[in-house]
Amino acid sequence: MSAARKRPRASQSRAILALDLDCFYAQVAIRSRPHLANRPVVILQKHLCVTSNYVARRLAHGAVQKMTPVSTALKACPDIVCIDGSDLTPFREANAEVLAVIRAWLHAKVTELGVGSFPIPCQKLGFDEVFIDVSRLVAEQVTAGGRPWEFQGHIFGRTDDDASRRALMVASQLASELRKEITLRTKLTLCAGISESKLLAKLAVNMNKPNDQTIFLSGDAAQYIAGRHPRSLPGFGYAVEGKISAWAKRNGKEDIKTAADVVQWFGDGKKGFASLAKVLDNDDQARKILELCQGTDTSPVIESGDAPKSLTSMDSFRSCTKIEDAERRVTIRAKDMVTRLRRDWELYGRRPKTLTVGFRFRGDGYHATMRAIPMPQEIVSLCSSKGADAADRSIIALSRAALFVLKDHAGVSASSTFDMTLISIGASAFTENKTEKNATSTKKETVASFFAPKEGKGMSSVCRPPNGRLLQNRSSPNPRRPLSPNASFSRCPICNEVLSSLLAKASLHVDQCLRRSETVSPARKRSKTASNTFRVDTFFQRK
DNA sequence: TCGTTAAAG
DNA sequence: TTTTCTTTAACGA
């Protein structure tokens with residue numbers, strides 16, 4: 001009809017896949033605990049359920065959602081199995097596994113075309129999502145011709161553009177094959193959204209869950225977006241909503257309801273753009289937001305690479321007023337960071353130039369502050385040396401550096417009064433170590449060979465902590481199985497005391513413990529491991 | 001280069 | 001809707 005007037009530029013239209021692993025943490029946790037496959041499962045961080053599997057969601061009738069307190073979840077579904085998700089290692093590894101499968105499959109796909117090699121950008125978003133720009137792959141497949149193309153999966157929307165329809169047909173077949181491959185290799189299911197932009201692909205990926213895929217044909221995308229709450233658009237966050245809301249209030253408007261409101265208030269022309277830029281105090285963001293609200297997203301898929309750009313380890317808590325407690329917490333972070341830094345060295349042969357230390361004090365609300373210093377040489381060299389001894393020494397060095405920053409920039413010391421609620425240690429500004437064999441040549445080899453061929457029991461042996469006499473770890477990668485099918489962790493994640501196998505009782509304890517936690521000396525509470533536990537203070541004295 | 005803010009999962 | 005733990009990008013200084 002009006003297709004001729006719209007002049008769709010088929011040559012420029014892209015084909016983007018958005019992949020999203022189903023309830024990622026829960027899937028990964030259950031994969032290594034097959035006996036939980038049909039049970040309701042939640043993953044805990046502190047006292048909160050950060051994810052749940054679909055069995056739990058069904059049984060709890062919607063009462064278990066993203067940041068639900070354990071106590072609430074247990075009331076809604078007393079049978080629920082709680083798994084401690086405070087160690088993110090298995091999730092990071094599963095993420096790398098999935099990415100390795102994607103890259104291998106993509107590479108094979110390109111190769112089989114026989115038109116030479118070309119890159120296919122993959123952009124990670126969190127541990128469980130990835131965007132893939134398959135435009136080039138689709139174009140080559142269309143050129144190669146052959147089979148009759150058809151859609152795979154659910155179709156949302158419509159289009160008048162034949163070229164775009166065919167491109168998304170091909171893309172949906174790629175998505176379908178890729179999903180099968182990922183599930184076959186990793187035993188993890190996922191959804192896919194297929195469209196011409198990251199925005200639309202991402203909206204599509206959530207339309208049919210779990211383990212399914214949706215094609216978003218963009219003919220009516222603008223109208224569809226117009227009717228939605230703008231907060232549901234990726235990129236339109238809390239702060240932007242706040243600023244626009246405040247503006248609406250000042251100007252006697254109704255509160256912001258739909259993306260159409262935003263377009264109406266600020267227009268889609270040049271001058272409207274300027275007024276939103278003023279409200280947001282940022283030209284580029286204003287343009288982006290206005291486009292978003294009209295269903296337009298031209299942002300490219302940026303290749304993320306395999307290695308993360310930075311590493312952070314953080315801990316938040318109700319209160320920390322004693323220097324020994326601060327030292328203990330810092331040392332736990334340092335241990336985690338050293339483990340990951342050593343792993344990073346193995347995989348990528350690079351070193352961080354910057355050390356960041358974050359902190360937050362009571363009364364600061366959610367406001368955390370960070371300070372950066374050059375990463376001490378001692379730490380990086382120890383992190384690239386083999387042996388448990390080097391690991392221990394670098395934990396000590398890192399702890400001392402972080403404690404120094406805390407003392408110097410935040411006034412946290414034995415002689416000061418403070419009440420911290422957060423500590424974090426980060427490593428960033430990585431430099432490739434080009435001189436070594438560890439660099440690019442073996443890098444691909446290592447990553448690929450590390451994850452790909454592991455079939456049976458790979459995971460747990462993969463990331464063994466540097467076996468220190470430091471800090472006996474209560475959440476080791478593979479803890480003993482629960483005694484009762486109703487009890488999934490045997491110790492309180494807060495005080496580490498042995499828990500009742502009766503869930504209701506255990507959860508009551510955890511809740512109470514949470515309330516009075518951090519005010520009680522943790523050293524005393526962890527009596528079981530106390531004799532083997534590394535004492536920060538004594539260690540610092542003798543070094 | 002440092003530090004903050006915002007966004008995402 | 002501030003509760004968990006992480007990663008990234010952009011921006012101002």
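Lettering follows sequence order; numbering is per chain, from 1.
- Relative to the ring axis of A:Trp345, A:Arg351 places its NZ or CZ within 45° and under 6.0 Å from the centre.
- Cation-pi geometry between A:Arg329 and A:Phe317 is satisfied (NZ or CZ under 6.0 Å from the ring centre, within 45° of the ring normal).
- Note on A:Lys198 versus A:Asp297: no salt bridge recorded, every NZ/NE/NH1/NH2 to OD/OE distance being 4.0 Å or above.
- Checked by atom type, the side-chain pair A:Thr189/A:Asn211 shows no donor-acceptor distance below 3.5 Å.
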task = Between protein and nucleotides 1-9 of chain C, map the contacts as a letter string: B base, S sugar-phosphate only, - none, heavy atoms under 4.0 Å, written 5' to 3'.
result = BBSBBBSB-
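- Taking atom C1' in both C:dT4 and B:dG3, one finds a spacing of 23 Å when rounded to whole Å.
- Side-chain N/O atoms of A:Tyr54 and A:Arg58 include no donor and acceptor closer than 3.5 Å.
- A heavy atom lying under 4.0 Å from DNA chain B marks none of the residues of residues 280-299 of chain A.
- Between the side chains of A:Asp419 and A:Thr321, no donor N or O sits under 3.5 Å from an acceptor N or O.
- The existence of a salt bridge linking A:Asp283 and A:Arg287 is excluded, since no basic side-chain nitrogen approaches an acidic carboxylate oxygen closer than 4.0 Å.
- Scanning DNA chain B 5' to 3' for nucleotides with an atom closer than 4.0 angstrom to a non-hydrogen atom of chain A gives a first and last hit of B:dC2 to B:dG9.
- Using a 4.0 Å cut-off between a side-chain N of Lys or Arg and a carboxylate O of Asp or Glu, A:Glu97 and A:Arg185 do not qualify as a salt bridge.
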